[in-house]
Amino acid sequence: MSATSGTGTGTHVRIGLDAPPRVAGLGVGVHGTVSPRDVFRLPDLWQLHLYRYEAELTVDGVPHAIRPGHVSLVPPGALVRFHYRGRSEHLFAHLELTFAGERLTVPVMQDAGTQTPVLTDLMLRAVAAAPGNSARAAAELWTVLWRVADLATPAAGDAAGPHPALALAVAHIEARLAAPLTVPEVARAAGVSHNHLIRLFRAELGTTVVAYIRHRRLEHARHLLRESTLSVPAIAAAVGIGDLQAFNKACRRELGASPRAVRAGTG
């Protein structure tokens, strides 16, 4: 099967994510200002959309309701019909995907829920990176695709998902790794008290809020060091550690090697 072909039933698609996508186009799409309807087909490209509005989408005759925070993944060759309710803005990416490795079954349309801020942040990073750094844009969108696939596959034994406040806290942290973060701020975003948030992290994740933030920052740093050509200072800033000496120390402590060694694959 070719890199651009896909399988789908109208309600679900099967994708392979063992290799990063090739990005053919991405950005912010604005529709519904000239005509309330769009009808089109992309013969060779997957369509990933993250929505900020209410509308209707039909994929090969199967209807799907669009709501803010919903995300859709449409396979190549599908006939797509949009019916808008006025000005409609969404983030989009047009991609080629390979079928290497395990095939994953993903709904065409899903509610991203508390993952919406994370997916929005990742897609905006991809949009910002695309003009000068296609490798980073592809890396950001690869992460988006894995997260979209994970929406449909809750962890075994945890079908109910994490505590809602914990999910909100994690989403807030993931969307703001580059910014200063404090435990009281995260607790406010999650709608719980400082102490309750600490108990939730201990009970469900086995760690502290501060340790979780540090771990996620350094994991994102590892991702950018390995998958992008961003400079080390730019990566340090992107994960909220503006001081290079502190970033070097954090990498050695959390990742076991210096940033340069992690980038070279020797750490």
Side-chain angles (χ1 to χ4, degrees), residues 2-6 13 15-31 40 42-52 69-76 80 89-101 104 106 108 110 112 115-151 171 173-179 216-241 247 259-260 262-265:
S2 73
T4 58
S5 61
V13 292
I15 59 174
L17 294 178
D18 281 13
R22 187 190 76 78
V23 182
L26 75 164
V28 180
V30 179
H31 301 271
F40 62 94
L42 297 185
D44 300 318
L45 298 172
W46 290 81
Q47 302 174 52
L48 174 69
H49 292 88
L50 182 59
Y51 300 100
R52 302 174 177 176
H70 281 200
V71 60
S72 67
L73 187 60
V74 175
V80 174
E89 182 178 302
H90 59 238
L91 293 167
F92 75 89
H94 297 160
L95 314 160
E96 287 184 3
L97 297 175
T98 69
F99 274 87
L104 306 172
V106 180
V108 168
Q110 298 185 80
Q115 288 293 304
T116 302
V118 183
L119 296 179
T120 300
D121 181 62
L122 288 167
M123 290 194 71
L124 287 173
R125 291 186 190 187
V127 170
N133 194 331
S134 59
R136 180 180 176 186
E140 300 285 10
L141 287 172
W142 199 11
T143 303
V144 170
L145 290 165
W146 274 110
R147 286 182 175 274
V148 169
D150 286 343
L151 291 173
I173 291 168
E174 293 288 342
R176 292 164 178 79
L177 290 177
R216 290 301 303 137
R217 280 179 166 153
L218 271 296
E219 282 300 306
H220 189 50
R222 187 207 303 271
H223 166 71
L224 293 177
L225 286 165
R226 292 284 181 85
E227 303 294 342
S228 82
T229 57
L230 282 172
S231 68
V232 171
I235 291 172
V239 298
I241 308 174
F247 181 64
R260 293 187 184 280
V262 172
R263 168 158 277 170

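In what follows, residues are counted from 1 in the order of the sequence shown. None of these values were measured; they are calculated from a predicted model.
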Heavy-atom distance under 4.5 Å between the side chains of His220 and Glu174, does that happen here?
no
Please walk me through it: do Glu96 and Leu45 pass side chain to side chain contact (heavy atoms under 4.5 Å, CB included)?
CA-CA 5 Å; Glu96 287 184 3; Leu45 298 172; 3.6 Å; yes
Euclidean distance, His70 NE2 relative to His90 NE2, rounded to 0.5 Å
15.0 Å
Flag, side chain of Gln110 to backbone of Val148, donor-acceptor distance under 3.5 Å:
yes
Find out whether Leu151 and Val71 are in side-chain contact, i.e. whether some heavy atom of one side chain is under 4.5 Å from a heavy atom of the other.
yes
For Ala137 and Ala126, work out which heavy atoms get closest and say how close.
CB-O, 3.6 Å
How far apart are the closest heavy atoms of Phe247 and Ile235, and which atoms are they?
CZ-CG2, 4.0 Å
Side-chain donor-acceptor pair under 3.5 Å between Ser228 and Asn133, yes or no?
no
Nearest heavy atoms of Pro75 and Val13, plus distance in Å
CD-CG1, 3.6 Å
Smallest heavy-atom separation, Ser72 atom then Tyr51 atom, equals OG-OH, 2.7 Å
Does any non-hydrogen side-chain atom of Thr229 lie less than 4.5 Å from one of Arg136?
no
Side-chain heavy atoms of Asp150 within contact of Gln115, under 4.5 Å
no
Do Leu95 and Val23 come close enough that some side-chain heavy atom pair is under 4.5 Å?
yes
Please report the closest heavy-atom contact between Arg263 and Leu225, naming both atoms and the distance.
NE-O, 3.1 Å
Geometric class of the His94/Phe92 ring pair [parallel <30°, tilted 30-60°, perpendicular >60°]
tilted
Restricting to non-hydrogen atoms, name the atom on Pro43 and the atom on Pro76 that form the minimum distance, rounded to 0.1 Å.
O-CB, 3.5 Å
Please check: side-chain N/O of Trp46 versus main-chain N/O of Leu73, any donor-acceptor pairing under 3.5 Å?
no
Please determine if Arg222 and Glu219 form a salt bridge, counting it only when a charged side-chain N lies under 4.0 Å from a carboxylate O.
yes
Side chains of Ile241 and Leu218: closer than 4.5 Å at any heavy-atom pair?
yes
Hey, what do you get for CD (Glu89) to CG (Leu50), rounding to the nearest 0.5 Å?
11.0 Å
What I'd like to find out is whether the side chain of Leu177 reaches to under 4.5 Å of the side chain of Arg216, using heavy atoms alone.
yes
Exactly one of Leu141, Leu91, Thr143, Leu145 clears side chain to side chain contact (heavy atoms under 4.5 Å, CB included) with Leu122, and that residue is Thr143
